[in-house]
4 protein chains.
Amino acid sequence: MSNSAMKYHEPSSSDDQEKRRGRPRSETSKKSILNAVNRLLLLTSVKDLSIEAIAKKAGVGKTTIYRWWPNKVAVVLDALLYQLGNTPALPTSATKAEAITNQLERFMRLLKGKNGKILIEVMAEAQANEETLTLFYENFMLQHEETLANLIEDGKENGEFRKEISTALAVDMIYGSIVYRLMSGAETLDQDFTTNLPLEALNILQK
Amino acid sequence: MSNSAMKYHEPSSSDDQEKRRGRPRSETSKKSILNAVNRLLLLTSVKDLSIEAIAKKAGVGKTTIYRWWPNKVAVVLDALLYQLGNTPALPTSATKAEAITNQLERFMRLLKGKNGKILIEVMAEAQANEETLTLFYENFMLQHEETLANLIEDGKENGEFRKEISTALAVDMIYGSIVYRLMSGAETLDQDFTTNLPLEALNILQK
Amino acid sequence: MSNSAMKYHEPSSSDDQEKRRGRPRSETSKKSILNAVNRLLLLTSVKDLSIEAIAKKAGVGKTTIYRWWPNKVAVVLDALLYQLGNTPALPTSATKAEAITNQLERFMRLLKGKNGKILIEVMAEAQANEETLTLFYENFMLQHEETLANLIEDGKENGEFRKEISTALAVDMIYGSIVYRLMSGAETLDQDFTTNLPLEALNILQK
Amino acid sequence: MSNSAMKYHEPSSSDDQEKRRGRPRSETSKKSILNAVNRLLLLTSVKDLSIEAIAKKAGVGKTTIYRWWPNKVAVVLDALLYQLGNTPALPTSATKAEAITNQLERFMRLLKGKNGKILIEVMAEAQANEETLTLFYENFMLQHEETLANLIEDGKENGEFRKEISTALAVDMIYGSIVYRLMSGAETLDQDFTTNLPLEALNILQK
DNA sequence: CTTTAACCGAGACGGTACGTCGTGTCTTAAC
DNA sequence: GTTAAGACACGACGTACCGTCTCGGTTAAAG
């Protein structure tokens with residue numbers, strides 16, 4: 001997984017061979033914008049964060065932000081991915097069950113503390129607009145869902161898991177429980193939850 | 001379930017014996033506000049809905065809205081509960097498993113079409129503010145969660161369900177999957193989901 | 001001169017012989033309203049004074065104020081007259097010139113300090129509305145103007161003053177200079193002004 | 001006299017050598033605001049004029065008005081000066097007496113009709129606030145007062161006028177009578193007043 | 001000694017305007 | 001051609017008062 005999946009994150013598409021005329025995009029500006037967002041999110045909610053505040057904090061014109069991102073959610077999502085950084089590939093596991101456990105624990109660790117809160121706020125803000133929702137879903141959730149779905153499918157094939165279960169539904173129940181828990185007001189995922197979720201997840205799938 | 005649970009819905013608290021002075025709250029205004037919200041939500045998202053638009057549509061001063069509700073989410077939630085109306089008590093079921101199936105099907109039917117969309121938008125809007133989140137959770141989700149949790153606990157006691165499973169986690173997985181599905185961009189809950197969810201829910205619990 | 005000239009000050013008109021049925025006007029309320037206004041005017045300008053603030057300060061319903069006065073200016077004017085109190089009749093003077101000097105000094109003493117400021121603010125507020133302007137003029141300025149005009153006319157007749165001068169214009173110049181001085185930002189009328197005005201006033205008139 | 005005296009009228013201060021960054025102030029907006037005010041004042045009083053109405057009429061955001069003027073009075077005063085336009089310098093007169101007559105007749109002609117009403121309303125509105133009062137006084141009355149005061153002083157020196165008279169008081173009496181007359185409800189200055197005032201003014205001064 | 005009428009306080013009502021904030025766009029000069 | 005700066009039209013915010021209304025209650029004269 002890499003955050004290079006993000007549309008607005010990479011200034012030039014891979015096949016952009018022709019030299020662009022004029023002043024090139026300032027990498028400094030981009031970084032100071034993403035950093036400004038991350039610093040501001042320590043103090044305010046995504047809702048209360050404004051493009052103007054970001055521009056001011058980053059010492060950047062509003063135009064520069066609007067040129068590269070379509071709206072606030074897109075910037076924040078980018079900033080979140082930028083801050084989370086590249087996640088190393090998972091070590092191979094002996095069984096799919098073990099792999100799933102690893103995968104879920106890694107995901108939940110990612111959302112410990114402030115990050116979980118921000119993610120949920122981004123997801124919430126994204127609801128207002130179809131396009132933004134797609135943006136969020138495809139740049140963040142989709143890769144996690146796909147990884148899990150593949151592990152489940154593999155487990156079904158190799159006999160670890162029940163074949164009758166709907167993979168899509170299982171994925172919804174697992175990631176849904178995490179999201180829902182965070183959305184219900186839980187400041188963070190507690191110990192009880194993080195230990196029990198993988199166990200119950202396997203309970204649905206196995207035998 | 002009754003919408004009388006809503007804080008702002010009932011003008012006088014039950015133990016309000018002392019005669020209220022001054023002009024009493026206008027029931028007409030209250031109703032026209034809630035109706036205006038419901039009519040407007042057919043055309044716009046919760047995000048794009050404004051207090052000013054509600055006031056205008058309802059033929060009411062903005063002050064009147066702010067007098068009785070602290071913010072937009074509270075009005076919309078109230079309007080949603082007002083529109084859903086009182087839900088009749090569930091018929092008793094032979095087994096807890098059957099009761100849970102009924103309960104879930106009823107819940108999902110509630111969220112068919114526009115209502116599901118609105119609920120999710122309300123939940124999303126509520127994320128920005130601790131107080132509003134509590135308001136939403138306690139006036140809507142909590143009662144559903146409690147009903148389900150009680151059924152699960154009863155089922156554990158009478159031997160229908162496994163005792164090892166965490167009731168709280170099961171509830172999160174079940175309602176979480178519904179919420180998450182709607183939040184991922186699904187316009188509505190499809191046939192596949194609505195039939196499979198109760199089955200899988202019981203799969204986690206039973207044996 | 002008496003402030004009984006004020007329309008709203010006296011609860012019953014002189015020829016109102018028939019006893020009114022129902023609860024009579026509360027003198028207590030009237031006084032607490034006028035007192036409230038005077039106390040509030042020590043802290044705020046007439047512009048910033050609100051009917052609601054008066055009602056609250058006086059411990060009175062807004063309705064009670066609106067029942068007896070048509071608007072803010074009327075109440076404030078009444079409160080001002082109430083606070084200034086009844087002015088004793090002038091002692092007779094040997095000459096009209098002396099009488100005018102007395103009259104002007106008395107008028108300027110009336111407007112020393114806060115009162116001058118308030119009067120000017122009332123006059124200013126009254127400009128917005130024809131009716132209120134008439135109210136102010138007839139209940140306050142007119143009596144002063146008439147007194148001065150009569151003295152001037154008398155002086156013309158007995159040979160003290162020039163007959164060619166326009167009485168109305170002289171009155172305008174004299175009272176106008178006071179009002180204008182206060183309106184130009186002077187906190188109060190200074191010693192120089194108060195001593196010189198009567199002298200110059202007579203200069204216009206005499207010979 | 002020139003309306004360039006007005007603080008908010010001129011976009012750049014005289015010694016502003018450093019090139020201004022960002023989008024420059026829109027002259028179009030400024031003009032349409034001032035024009036809107038003048039058009040609206042034909043229909044309503046200064047009191048009833050609202051910033052929102054001006055913005056709407058001018059096709060301009062409220063912010064744009066607030067960016068350049070601190071309050072309603074400032075805009076209206078500016079609009080009044082804009083409408084009155086630049087007044088040509090006075091032709092030289094043989095005597096100071098003649099010059100004063102010219103000066104007063106010119107001033108009174110300026111206030112004929114609607115303008116006098118508006119001026120008085122502006123002056124009235126300005127009373128509520130120290131700063132606004134200064135704004136009005138220094139941008140409008142002061143120049144007239146100074147011109148008259150200079151003529152009087154010159155006349156005293158060349159022997160036309162009495163040396164004993166207080167220049168300041170004379171100015172107050174002259175301009176005060178005009179203002180006071182307009183404030184007392186006179187729709188406009190009548191023939192009688194406009195012909196007599198200069199005569200009596202000289203009467204005070206001469207011999 | 002009850003009825004009736006006008007008053008009173010409290011406070012909710014439909015409105016209007018306030019002054020502020022944020023949006024996304026546009027217009028400069030600088031680089 | 002991009003950038004920082006910042007003005008622009010617009011829309012909504014939440015608040016303050018306006019003047020009106022609707023309650024329960026009080027106070028006195030009339031019946």
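Residue numbers start from 1 in every chain, and the chains themselves are labelled A, B, ... in the order their sequence lines are given, proteins ahead of strands.
- Taken to the nearest 0.5 Å, the CD1 atom of C/I120 stands 9.0 Å off from the CE atom of D/M123.
- Taking atom CZ on B/R67 and atom P on E/dA10, their separation rounds to 17 Å, with Å as the unit.
- Taking atom CD1 on C/I54 and atom P on F/dC17, their separation rounds to 11 Å, with Å as the unit.
- Across all strands shown, C/S29 has heavy atoms under 4.0 Å from sugar-phosphate atoms exclusively, and none from any base.
- Checking E/dC18, F/dC8, F/dC18 against every side-chain atom of C/I51, the shortest atom distance belongs to F/dC18.
- Here the side chain of B/T63 is nearest to one of F/dC17, F/dA28, F/dA5, namely F/dC17.
- Toward the 5′ end of DNA chain F lies the nearest nucleotide of D/A58, the other residue of the pair B/A53 and D/A58 mapping further downstream.
- Under 3.5 Å, the side chain of D/K62 and the base of E/dG19 form at least one donor-acceptor pair of N or O atoms.
- To the nearest angstrom, P of E/dC7 lies 13 Å from CH2 of C/W69.
- The residue B/R23 sits close to a base: some heavy atom pair falls under 4.0 Å.
- More than 12 heavy atoms of other residues, nucleotides or ligands sit less than 6.0 Å from atom NZ of A/K47.
- D/R21 has its CZ atom 9 Å from the P atom of E/dA30, to the nearest Å.
- Rounding to whole angstrom units, CH2 of residue A/W68 and P of F/dA4 are separated by 12 Å.
- Residue-to-nucleotide proximity on DNA chain E shows that, of D/N71 and C/G22, the 5′-proximal contact is made by C/G22.
- Within 6.0 Å of the NZ atom in B/K114, the count of heavy atoms belonging to other residues, nucleotides or ligands exceeds 12.
- In this structure, of F/dC8, E/dG9, E/dG19, it is E/dG9 that holds the atom nearest to the side chain of C/T64.
- The side chain of C/E52 lies closest to F/dC17 when the candidates are E/dG22, F/dC17, E/dA17.
- Each of D/K72 and A/K72 was matched to the nucleotide of DNA chain E holding its nearest heavy atom; the match closer to the 5' end belongs to D/K72.
- Minimum interatomic distance between D/A74 and D/L135 (heavy atoms only, all atoms of both residues): CB-CD2, 3.5 Å.
- D/E27 places its CD atom 12 Å from the P atom of E/dT28, with the value rounded to the nearest Å.
- Comparing D/G61 and C/L49 against DNA chain F, the residue whose closest nucleotide sits nearer the 5' end is D/G61.
- Closest to the side chain of C/P24, from the set E/dA12, F/dA28, F/dT2, is F/dA28.
- The CD1 atom of A/I65 sits 14 Å away from the C1' atom of F/dG6 (whole-angstrom rounding).
- Summarising the geometry of C/K72 relative to C/V46, their closest heavy-atom pair is NZ-O, 3.0 Å, with the distance given to 0.1 Å.
- Note: CD (C/E125) to P (F/dC17) measures 14 Å, nearest angstrom.
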